[in-house]
Colleague: 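Take a look at the following structure, please.
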Amino acid sequence: MQKKGKFDYILLETTGLADPGAVASIFWVDAELGMDIYLDGIITVVDSKYGLKHLAEEKPDGLANEATRQVALADIILINKTDLVAEEDLNKLRTTIRSINGLGKILETQRSRVDLSNVLDLHAFDSISGISLQEKLQYVPTIQPHLDKSIVTVTFEAPGNAKEENLNVFIQNLLWEKNVKNKDDYCMEVIRLKGLVSIKDKPQQVIVQGVHELYDLEETPVSWKDDTERTNRLVLIGRYLDKDILKQLFIATVTETEKQWTTHFKEDQVFT
Ligand SMILES: Nc1nc2c(ncn2[C@@H]2O[C@H](COP(=O)(O)OP(=O)(O)OP(=O)(O)O)[C@@H](O)[C@H]2O)c(=O)[nH]1
């Protein structure tokens, strides 16, 4: 690593039980620090035969199991060994993975054979990904979890401009304070967060990224065409997430147009 220019790309394979979020946090450093390396993306390989079993595993301490967290954090999910399972089981696995992570790209492989252009140079954590993100975010479904404690993807949109300092508070309450509660009084746990937002007085679209307790706002090269288009679209992956509460909270605390909205958000849903 000390010999600059020696490496074209570093592929880091973690153990099967690792939490890739913790590893990713080490390498996801501020571009302005001028590091020689940057975090390109997270790839999770799922074994077709045992994937469903691993994803359904209940941990005694009530924590999310490792396999689910690995899927939740991934930018690319490789479903491997597809030759070993029937189409019906593969469908179930695909649906389960999609309900956990609505944003990651799913690729199906045998012997993990994959076109390298699909897994390298992803730029999943930088503003270059913002160029294609707007379109992508429109098609992310919110799936109701079959189990209350399942990891799920939720997405919402709120038109208008966001006040940057309030957006920071919103994200920090979710990622740092962890004090935003769902209807059942569970604190929401966000594992991954991605979005495109419109920050007041900024002509460019801003990409929001979050992993674990780290997050970043970065301007993309894409400008808002006109004021009618300005909107905020967020995708959150985690547990105990409630789309309606999140959206109402976002509108009430972050957007400029809060007075035009009638919100039913109760203050006691957030401890401050
Ligand atoms: N039928 C089939 N076998 C595969 C496929 N991919 C890998 N294998 C075989 O499965 C066996 C175990 O391989 P992996 O699951 O990749 O092993 P590994 O990466 O060491 O497993 P981890 O411990 O999870 O890291 C080897 O004999 C592989 O040849 C596949 O797509 N189809």
Side-chain angles (χ1 to χ4, degrees), residues 1 6-29 37-125 129 136 143 145-147 149-153 189-194 209-214 237-239:
M1 298 284 282
K6 266 276 180 191
F7 294 92
D8 295 325
Y9 203 96
I10 300 168
L11 281 167
L12 196 68
E13 185 184 357
T14 65
T15 70
L17 291 177
D19 178 351
V23 182
S25 308
I26 299 169
F27 292 100
W28 189 31
V29 283
I37 52 171
Y38 69 94
L39 177 62
D40 190 41
I42 301 172
I43 301 168
T44 294
V45 182
V46 180
D47 187 307
S48 296
K49 196 151 182 196
Y50 300 106
L52 271 177
K53 187 170 154 245
H54 288 152
L55 291 171
E57 224 160 60
E58 297 232 9
K59 292 195 47 163
D61 46 14
L63 295 172
N65 69 56
E66 291 84 5
T68 310
R69 293 184 70 85
Q70 289 169 358
V71 167
L73 279 155
D75 300 291
I76 303 282
I77 300 141
L78 281 188
I79 305 183
N80 189 42
K81 305 192 189 179
T82 54
D83 57 312
L84 296 183
V85 289
E87 187 56 33
E88 194 188 333
D89 293 331
L90 197 54
N91 274 337
K92 267 193 222 155
L93 181 59
R94 219 181 275 129
T95 310
T96 306
I97 289 173
R98 205 21 106 216
S99 77
I100 297 167
N101 183 338
L103 201 53
K105 184 169 169 186
I106 297 178
L107 300 170
E108 291 172 21
T109 60
Q110 292 181 9
R111 301 204 177 266
S112 296
R113 273 189 213 103
V114 65
D115 192 319
L116 285 185
S117 65
N118 280 321
V119 290
L120 301 184
D121 295 322
L122 301 173
H123 291 283
F125 285 81
S129 64
K136 209 168 150 191
I143 295 166
H146 53 289
L147 293 170
K149 50 182 188 271
S150 310
I151 292 182
V152 287
T153 300
E189 281 172 28
V190 177
I191 296 173
R192 184 107 191 234
L193 156 74
K194 209 166 201 169
Q209 290 272 6
V211 173
H212 271 208
E213 296 188 353
L214 290 184
I237 301 177
R239 284 206 302 174

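Everything quoted here is computed from the prediction, not taken from an experiment. Just so you know, ligand 1 is whichever comes first in the structure, and atom 1 is the first atom listed for that ligand. One is the number of the first residue; the rest follow in order along the sequence.
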Colleague: Among protein heavy atoms, which sits nearest to atom 10 (O) of ligand 1, and what does the distance come to when rounded to 0.1 Å?
Modeller: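 Scanning the protein heavy atoms, the shortest distance from atom 10 (O) of ligand 1 goes to K81 NZ, 3.2 Å.
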
Colleague: Strictly less than 4.0 Å: does any protein heavy-atom distance to atom 1 (N) of ligand 1 fall in that range?
Modeller: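 It does: a protein heavy atom is found less than 4.0 Å away from atom 1 (N) of ligand 1.
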
Colleague: Determine whether T68 and V71 make a side-chain contact, defined as any pair of heavy atoms from C-beta on separated by less than 4.5 Å.
Modeller: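 A side-chain contact is absent here, since even the closest heavy-atom pair is not under 4.5 Å.
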
Colleague: Quick one: are I106 and I79 in side-chain contact, heavy atoms under 4.5 Å?
Modeller: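 Yes. Closest side-chain heavy atoms under 4.5 Å.
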
Colleague: Kindly confirm or rule out an N or O of R111 lying under 3.5 angstrom from an N or O of ligand 1.
Modeller: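 By distance alone, the answer is yes.
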
Colleague: Could you check whether any side-chain heavy atom of N65 comes within less than 4.5 Å of a side-chain heavy atom of E58, counting everything from C-beta outward?
Modeller: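 No, side chains not in contact.
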
Colleague: Report yes if some N/O of Q110 lies less than 3.5 Å from some N/O of ligand 1; otherwise report no.
Modeller: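 No; every N/O pair is 3.5 Å or more apart.
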
Colleague: Using a strict cut-off of less than 4.0 Å between a Lys/Arg side-chain nitrogen and an Asp/Glu carboxylate oxygen, indicate whether E87 and K92 qualify as a salt bridge.
Modeller: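 No salt bridge links E87 with K92.
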
Colleague: Is D83 close to ligand 1, meaning an N/O of one under 3.5 Å from an N/O of the other?
Modeller: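 Yes, there is a polar N/O contact under 3.5 Å.
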
Colleague: Can you confirm whether some protein heavy atom lies under 4.0 Å from atom 21 (O) of ligand 1, or whether none does?
Modeller: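 Answer no: nothing from the protein, no heavy atom, is under 4.0 Å.
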
Colleague: Is any side-chain N of the basic residue among R94 and D89 closer than 4.0 Å to the acidic one's carboxylate O?
Modeller: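 No, R94 and D89 are not salt-bridged.
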
Colleague: Counting only heavy atoms not in K53, do more than 12 fall under 6.0 Å of its NZ?
Modeller: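 For K53, atom NZ is not crowded (no more than 12 foreign heavy atoms under 6.0 Å).
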
Colleague: Can you tell me the protein heavy atom closest to atom 19 (O) of ligand 1 and the distance?
Modeller: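 Looking only at protein heavy atoms, the one closest to atom 19 (O) of ligand 1 is E13 OE2, 4.9 Å.
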
Colleague: I'd like to check atom 14 (P) of ligand 1 in this structure: does the protein have a heavy atom lying under 4.0 Å from it?
Modeller: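 Yes.
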
Colleague: Just to confirm, does any protein heavy atom lie below 4.0 Å from atom 6 (N) of ligand 1?
Modeller: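 Under the 4.0 Å cut-off, atom 6 (N) of ligand 1 does have protein heavy-atom neighbours.
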
Colleague: For the residue pair I77 and V46, establish whether any side-chain heavy-atom pair is separated by less than 4.5 Å.
Modeller: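 Heavy-atom side-chain distance check passes, below 4.5 Å.
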
Colleague: Start with the C-alpha distance between D40 and Y9, add both sets of side-chain angles, then the distance that settles side chain to side chain donor-acceptor pair (under 3.5 Å), and finish with yes or no.
Modeller: CA-CA 9 Å; D40 190 41; Y9 203 96; 2.3 Å; yes

Colleague: My question is simple, although I want it checked carefully: is atom 17 (O) of ligand 1 less than 4.0 angstrom from any protein heavy atom?
Modeller: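 No; the ligand atom in question lacks any protein heavy-atom contact below 4.0 Å.
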
Colleague: Counting only heavy atoms from other residues, nucleotides and ligands, does the tally under 6.0 Å from CD of E88 exceed 12?
Modeller: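 Counting other residues, nucleotides and ligands, CD of E88 stays at 12 neighbours or fewer.
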
Colleague: Evaluate the 4.0 Å heavy atom contact test for atom 29 (O) of ligand 1: does a protein atom fall under the cut-off?
Modeller: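 Neighbour list for atom 29 (O) of ligand 1 includes protein heavy atoms (cut-off 4.0 Å).
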
Colleague: Considering only protein heavy atoms, determine whether one is less than 4.0 Å from atom 32 (N) of ligand 1.
Modeller: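 It does; a protein heavy atom is within 4.0 Å.
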
Colleague: Report, in ascending order of atom number, the atoms of ligand 1 lying under 4.0 Å from any heavy atom of L84.
Modeller: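 Once the distances to L84 are compared, the set is 1 (N).
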
